[in-house]
Number of protein chains: 2
Amino acid sequence: MTGTAIKNWQSVQQEVLNRINSRVWKPGELIPNEAELASEFGCARATVNRALQNLADSGLLERRRKAGTRVATHPVRKATLDIPVIRNEITGKGYSYRYALIKSETIVPPSDMVARMRLKPNEKCLHIIGLHMAHGEPYVFENRWININVVPDVFGVDFSEQSPNEWLVENIPFTSGDIAFSALTAGTFEAGMLSCKLGEGLFVIDRSTWKHEGAITSVRLVFAPGYRIHTEI
Amino acid sequence: MTGTAIKNWQSVQQEVLNRINSRVWKPGELIPNEAELASEFGCARATVNRALQNLADSGLLERRRKAGTRVATHPVRKATLDIPVIRNEITGKGYSYRYALIKSETIVPPSDMVARMRLKPNEKCLHIIGLHMAHGEPYVFENRWININVVPDVFGVDFSEQSPNEWLVENIPFTSGDIAFSALTAGTFEAGMLSCKLGEGLFVIDRSTWKHEGAITSVRLVFAPGYRIHTEI
DNA sequence: GAGTGGTCTAGACCACTAA
DNA sequence: TAGTGGTCTAGACCACTCG
């Protein structure tokens with residue numbers, strides 16, 4: 001006997017996981033269809049469906065109508081990262097938070113940024129550079145461009161009080177966005193901002209957000225040495 | 001009138017998104033309960049539930065029993081990253097793939113690795129260093145420790161033919177794992193492996209996988225300069 | 001205690017797609 | 001064309017938690 005009753009979708013999922021891990025169902029193999037599993041487990045098909053769909057979302061199963069459900073051979077694992085507001089990320093670690101505005105200007109962005117934000121030629125943007133500090137130490141520096149046509153309200157905001165990161169999150173909802181993680185070699189500018197050595201490897205996040213085809217903002221976050229993002233899989 | 005009929009959970013989700021983005025429902029605000037929305041949209045409560053649950057998973061709504069559903073004030077955005085097998089990542093970009101085994105030895109790991117994998121003192125591990133190449137160029141180098149007590153089968157494998165990355169994914173299912181992203185400054189070893197300049201900033205992934213409290217493997221992947229991970233949010 | 005979301009059920013129909 | 005997963009429904013009960 002199984003020992004524990006199978007009555008909810010979590011236990012169905014657990015039982016399916018067990019069969020995958022113990023090789024009862026091998027990679028690439030077809031597993032019984034939802035109706036059969038439902039009758040075996042003594043639950044409704046919808047319950048089995050919920051469990052299998054969840055596992056398919058995590059990449060462990062591959063499902064196709066008519067073809068059935070298979071155990072994935074090369075499971076493409078999915079890692080989910082939380083992207084918090086920087087203030088919360090810092091205070092959440094138990095450090096004090098401080099933000100310093102370094103520069104604020106309204107200028108025409110460099111060509112790579114014009115391309116990325118799909119701006120018109122010679123269209124000006126608000127360019128803001130700021131530094132987030134944890135416990136008085138530089139934590140991450142923020143190099144941001146804001147599309148003033150999409151977000152005209154920015155001119156009424158005092159970004160020496162509140163970082164653009166927070167103001168945008170609270171006030172400008174976005175419909176889509178993209179994010180990239182990479183590494184960068186510290187030049188004189190980065191080293192000066194983060195008070196680290198020249199040539200040090202730094203972690204970088206590039207993020208752009210959009211509101212119905214119009215770029216709201218594009219930002220580069222360069223983190224102080226030692227920063228890491230961690231998650232479970 | 002809404003124009004489009006609301007009959008399935010996707011359209012319910014879209015309509016809710018619209019109301020959030022257009023500030024009909026403001027951040028922090030309580031939205032109507034599932035039963036009310038169901039009757040407004042003319043669908044079953046389960047359909048509304050599916051839509052709202054999905055939005056709560058993405059961090060846009062906060063739901064609590066009895067307290068109801070609120071629009072998140074500081075939405076903790078979630079980014080989902082695919083972690084493919086390295087061969088597939090490279091061939092998926094249209095490059096040819098090649099793997100070279102650099103070193104394979106059975107030794108006692110350094111103390112930080114003993115701690116991370118929760119090994120017994122003086123317990124030996126299989127230590128494998130290899131290089132994955134794309135289009136003949138170094139792409140990422142893999143520094144891996146494998147727990148031979150949990151995975152005794154590794155001794156029957158020829159890791160000059162198949163990278164441990166692939167072999168483990170195909171043969172050793174894991175029950176949990178963790179992954180971390182960071183940056184590193186290239187030392188002589190890294191620069192030599194990846195044929196890049198000394199002191200260059202490199203992207204790093206550290207990953208460990210577990211099988212019921214026993215560490216299977218712990219690996220550090222150091223990527224060649226220019227590598228980036230990208231995803232939508 | 002009462003109101004809310006979380007889930008299960010049994011049945012139904014639909015959408016996709018392999019054969 | 002037939003078999004599979006995807007989804008909707010109406011109703012029910014439960015679990016949690018706020019007041």
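Protein chains get the first letters and strands the later ones, always in sequence-line order, with residue 1 at the start of each. Just so we're clear, the structure is a prediction, and the values are computed from it rather than from any experiment. Excluded from the calculations below are hydrogen atoms, water molecules and symmetry mates; all remaining heavy atoms, backbone and side chain alike, are included.
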Short side-chain N/O contact to [N] OP1/OP2 from [X], under 4.0 Å:
X	N	value
Arg63(A)	dT4(D)	no
Asn33(B)	dT4(C)	yes
Asn8(B)	dT7(D)	no
Gln10(A)	dG6(C)	no
Arg50(B)	dT7(D)	yes

Roughly how many Å is it from [atom1] in [X] to [atom2] in [N], rounded to a whole number?
X	N	atom1	atom2	value
Gln53(A)	dC8(D)	CD	P	10 Å
Arg65(A)	dA19(C)	CZ	P	17 Å
Asp57(A)	dG6(D)	CG	C1'	13 Å
Arg70(A)	dT4(D)	CZ	P	12 Å
Glu62(A)	dG5(D)	CD	P	14 Å
Arg64(A)	dA19(C)	CZ	P	9 Å
Leu55(A)	dG6(D)	CG	P	12 Å
Asn49(B)	dT7(D)	CG	P	14 Å

Q. Do Glu36(A) and Arg45(A) sit within salt-bridge range, that is, some charged N less than 4.0 Å from a carboxylate O?
A. no

Q: Taking only Lys NZ, Arg NE, NH1 and NH2, and the carboxylate oxygens of Asp or Glu, determine whether Glu29(B) and Arg23(B) approach each other closer than 4.0 Å.
A: no

Q: Please tell me which of Thr69(A) and Ala46(A) maps to the more 5' nucleotide of DNA chain D, matching each residue to the nucleotide holding its nearest heavy atom.
A: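 Nearest nucleotide further toward 5': that of Thr69(A).
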
Out of [options], which has the shortest distance to the side chain of [X]?
X	options	result
Cys43(B)	dT4(C), dT7(C), dT9(D)	dT9(D)
Lys66(A)	dC18(D), dC16(C), dG5(D)	dC16(C)
Glu34(A)	dG6(D), dT4(C), dA18(C)	dG6(D)

Q.
So, under a plain 3.5 Å distance rule, would you say the side chain of Arg45(A) forms a donor-acceptor pair with the base of dG6(D)?
A.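 Checked by distance alone, the answer is yes.
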
Q. Are His132(A) and Tyr99(A) near enough that their ring centres are under 6.0 Å apart?
A.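 Ring centres of Tyr99(A) and His132(A) closer than 6.0 Å.
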
Q: Using the side-chain hydrogen bond (donor to acceptor under 3.5 Å, both in side chains) rule, collect all pairs that involve residues 74-84 of chain B, keeping only residues at least two apart or in two chains.
A: Glu170(A)-His74(B)

(Q) Reading DNA chain C from 5' onward, which residue's closest nucleotide shows up sooner: Pro32(B) or Ala67(A)? (A)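 It is Pro32(B) whose nearest nucleotide is closer to the 5' end.
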
Q) Toward the 5' end of DNA chain C, which comes first, Ala44(A) or Leu52(B), by nearest nucleotide? A) Leu52(B)

Q.
Is it the case that over 12 heavy atoms from other parts of the model lie below 6.0 angstrom from the CZ atom of Arg98(A)?
A. no

